[in-house]
Amino acid sequence: MFVETVDLIGRLLKGLTGEEDPLLVDGGDHADLASTIAFSLAKKQKRSPPLIAADLAEKLRILPELDGITIFSTGPYLNFTFGGEYLAQCVAAARKPGYGTLLKKYERVSIEHTSANPNGPLHVGHIRNTIIGDTLARAFRKAGYPCEVQYYINDMGRQIAIVVWGLETLGITRLPGEKGDHFIARVYVRANHAIRDDESINGAIERLMQEIERGDRDVDQAFRQAVNTCVEGIKETLFNLHVHHDRFVRESTFVRIGDMQRVLDRLARMDEAEVEGKFLSLDLTSSGFEKKYVLKRADGTSVYAARDIAYHVWKTANYDRNIDVLGADHKLIGAQLSATLRLMGEVPPEILHFEFVSLPEGAMSTRSGTFVSADELIEEVTARALEEVTKRRPELSPGERMAIARSVAVGAIRFDIVRVSPEKSTVFNWKQALDFERQSAPYVQYAHARACSILAKAGDFEEVYEYNDPHEIALTKAIARFPAVITSVVTDLRPHLLATYIRDVADLFNSFYRFVPVLKAEGSLRDARLCLVDATRNTLREALQTLGIDALESM
RNA sequence: GGGCAUGUGGCCUAGUCAGGAUAGGGCGUUAGCCUCCUAAGCUAAUGGUCGGGGGUUCGAAUCCCUCCAUGCCCGCCA
């Protein structure tokens with residue numbers, strides 16, 4: 001209803017003024033919607049903005065299409081306040097299962113996210129990528145797109161060669177109960193120490209890389225095993241964060257099936273190509289890059305970029321919109337990749353970059369072992385949540401308390417990460433991660449549980465949609481914006497808008513809860529309020545699901 | 001040195017792309033609210049040169065220039 005109403009007003013205003021843009025803005029405290037069109041018309045008409053606004057208000061008021069909308073001017077501003085019929089339709093729509101789901105679309109979307117190297121567990125920096133990507137994928141599906149989520153496994157890089165070397169020579173054994181990814185990280189850290197102490201080991205690493213590229217059976221087997229051991233642990237962490245990938249794409253695939261060679265052949269024929277023996281690079285100065293873009297080393301082995309181009313060429317052939325979620329450290333290579341694809345006549349991906357997460361003591365690094373793992377974070381937050389549930393709901397069984405604690409913990413982690421806009425670099429903060437008040441998922445989950453509790457006690461009620469109380473009206477208007485928020489998230493690739501939005505709805509519901517009695521109201525007033533509680537419950541539920549957070553009915 | 005990004009009360013953050021009406025929240029601090037639908041809640045108080053300076057505009061947190069601070073990148077690593 002919100003989008004439709006804004007569109008209608010925009011169309012009528014354009015028709016009336018002949019302007020291209022109706023200059024609609026948020027009405028703030030003054031109205032539901034406002035237009036600043038009077039300012040831009042002032043010069044052309046040589047009249048003062050307030051006069052023009054008053055004039056337009058009068059002309060719009062008599063249009064039958066705008067019945068039920070209060071139109072008035074305040075100085076130069078043209079204001080619109082939506083009426084009872086609008087509120088009624090919004091609440092009715094918000095109660096339907098699946099509210100917020102947009103019209104089915106046929107553009108195929110791929111989203112690549114996380115894609116952390118399989119040389120250790122996911123840490124709190126990686127999961128910013130994960131949670132942004134997963135929330136985006138959920139939003140795309142909500143917006144009606146067929147969407148496939150991919151994890152690109154760098155399974156033949158130097159890091160993996162280091163892990164393989166470590167596994168074969170350092171004699172480190174996996175501890176009982178140790179997750180594969182944590183075990184691989186220990187090997188990786190130790191191997192790097194060994195290399196630092198004895199640089200001659202690099203020769204062995206290089207040999208491994210040549211052998212894997214040639215497709216040597218034994219080496220391939222060793223790489224595969226090391227990667228699988230790690231990925232198995234990463235998958236467990238992803239599952240615990242409510243994150244799902246539809247496909248794990250191995251970069252070695254593009255070498256094995258010949259795609260990379262075909263792409264390199266194409267690139268070698270381009271004007272920008274520079275070939276020196278087995279060495280191949282691209283001169284991207286025409287695209288504004290100073291350094292050459294290396295694709296093959298002097299020994300003829302390919303670098304990551306070559307495989308990445310092949311991967312993206314494959315994606316362009318199979319999807320209409322390709323989205324990559326990448327850390328800020330990939331900005332340069334992302335831009336080089338895009339420039340190269342453009343030169344090849346391919347469509348570059350849409351890249352959503354997010355800035356770094358660091359620790360108070362400095363940057364995180366898998367190699368040096370200085371990071372807070374996602375598993376550790378989940379464990380700590382779950383323990384803290386369990387403590388809280390036990391305090392609040394001692395009557396529940398340990399199993400029930402644990403189930404709630406898990407849902408609260410995953411929600412708290414996901415929300416804490418997704419609420420910050422991607423372009424801000426952040427410092428990981430335990431106090432904030434363990435805070436379950438106000439601007440947090442538990443706060444929203446709690447509002448949802450409250451709504452459920454009221455409805456459970458209410459029994460049957462009639463459909464009545466009449467609202468006069470300011471708390472009712474404010475809540476209804478917030479609920480009505482949900483579909484518009486989904487649209488913004490997928491068009492601007494800004495998942496944090498969902499977090500901001502859901503917090504607004506929860507805030508308004510909690511105020512409503514405090515000041516407007518529902519079960520104690522009588523007759524049609526009670527029915528109308530119960531309908532609004534149900535609409536809020538459903539909106540919170542749908543929005544929480546889009547954020548990958550459980551909508552608990554009791555907590 | 002060059003490139004990209006960020007800078008909003010003691011701390012965290014929305015708003016910046018598509019400029020508009022007194023810059024929204026939260027944490028903290030202070031003072032209230034559970035014989036009343038779950039207090040993971042509600043209300044109020046406190047606290048701001050929107051990094052500094054210049055410019056464009058009827059109007060700038062938002063656009064342009066410049067300076068400062070911070071993060072990231074500038075590998076035949078990924």
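Just the heavy atoms: all of them, side chains too, but no hydrogens, waters or symmetry mates, feed the values below. Worth saying up front: this structure is predicted, and the values here are computed from it rather than measured. Labels below follow one simple rule: chain letters A, B, ... track the order of the sequence lines, proteins then strands, and each chain is numbered from 1.
Counting heavy-atom neighbours within 6.0 Å of A/Arg406 CZ, excluding the residue itself, gives a total of 12 or less. In A/Glu213, the CD atom is crowded: over 12 heavy atoms of neighbouring residues, nucleotides or ligands sit closer than 6.0 Å.
Here A/Ser554 lies in heavy-atom contact (under 4.0 Å) with a base. Using a 4.0 Å heavy-atom cutoff across all strands shown, A/Tyr443 reaches sugar-phosphate atoms only and no base atom. Base engagement by A/Val516 is indicated by at least one non-hydrogen atom pair under 4.0 Å involving a base atom. Across all strands shown, A/Val294 has heavy atoms under 4.0 Å from sugar-phosphate atoms exclusively, and none from any base. Within 4.0 Å (heavy atoms only), A/Gly75 reaches no atom of the nucleic acid at all. Within 4.0 Å of A/Lys431, counting heavy atoms only, lie sugar-phosphate atoms of the nucleic acid but no base atom. Nucleic acid contact class of A/Asn79 (heavy atoms, under 4.0 Å, all strands): base. In this structure, A/Ala34 reaches the bases: a heavy-atom distance under 4.0 Å links it to at least one base atom across the strands shown. A/Val389 comes within contact range of at least one nucleobase, with a heavy-atom separation under 4.0 Å. Within the 4.0 angstrom heavy-atom criterion, only backbone atoms of the sugar-phosphate kind lie near A/Ala328; the bases stay farther away. Within the 4.0 angstrom heavy-atom criterion, only backbone atoms of the sugar-phosphate kind lie near A/Glu290; the bases stay farther away. The residue A/His353 sits apart from the nucleic acid: no heavy atom pair falls under 4.0 Å. Counting non-hydrogen atoms under 4.0 angstrom, A/Asp492 reaches a base of the nucleic acid. Base contact: A/Asp29 has a heavy atom under 4.0 Å from a base atom.
The base-pairing partner of B/rU30, taking Watson-Crick or G-U wobble contacts with both distances under 3.5 Å, is B/rA44. Using Watson-Crick or G-U wobble geometry with both donor-acceptor distances under 3.5 Å, B/rU35 finds no partner in any strand shown. When both pairing distances are held under 3.5 Å, B/rG75 makes no Watson-Crick or G-U pair with any nucleotide shown.
For A/Arg494 and B/rG15, the shortest distance from a side-chain N or O to OP1 or OP2 is below 4.0 Å. A/Arg367 has no side-chain polar atom (N or O) that falls below the 4.0 Å cut-off from OP1 or OP2 of B/rA78.
For B/rG32 and B/rC72, the C1' atoms lie 47 Å apart once the distance is rounded to whole Å. Between B/rC68 and B/rA31, the distance separating the two C1' atoms is 41 Å to the nearest Å.
When distances are taken from the side chain of A/His30 to each of B/rA78, B/rG25, B/rU22, the shortest belongs to B/rU22. Here B/rC42 is the nucleotide among B/rC42, B/rG71, B/rA21 with the atom lying nearest to any side-chain atom of A/Ser511. For A/Gln439, taking side-chain heavy atoms from C-beta onward, the closest of the listed nucleotides B/rG71, B/rA14, B/rG26 is B/rG26.
For B/rC34, the base is syn relative to its sugar; the glycosidic angle is within 90° of 0.
Ring planes of A/Tyr151 and A/Phe248: parallel class, angle under 30° (limits at 30 and 60°).
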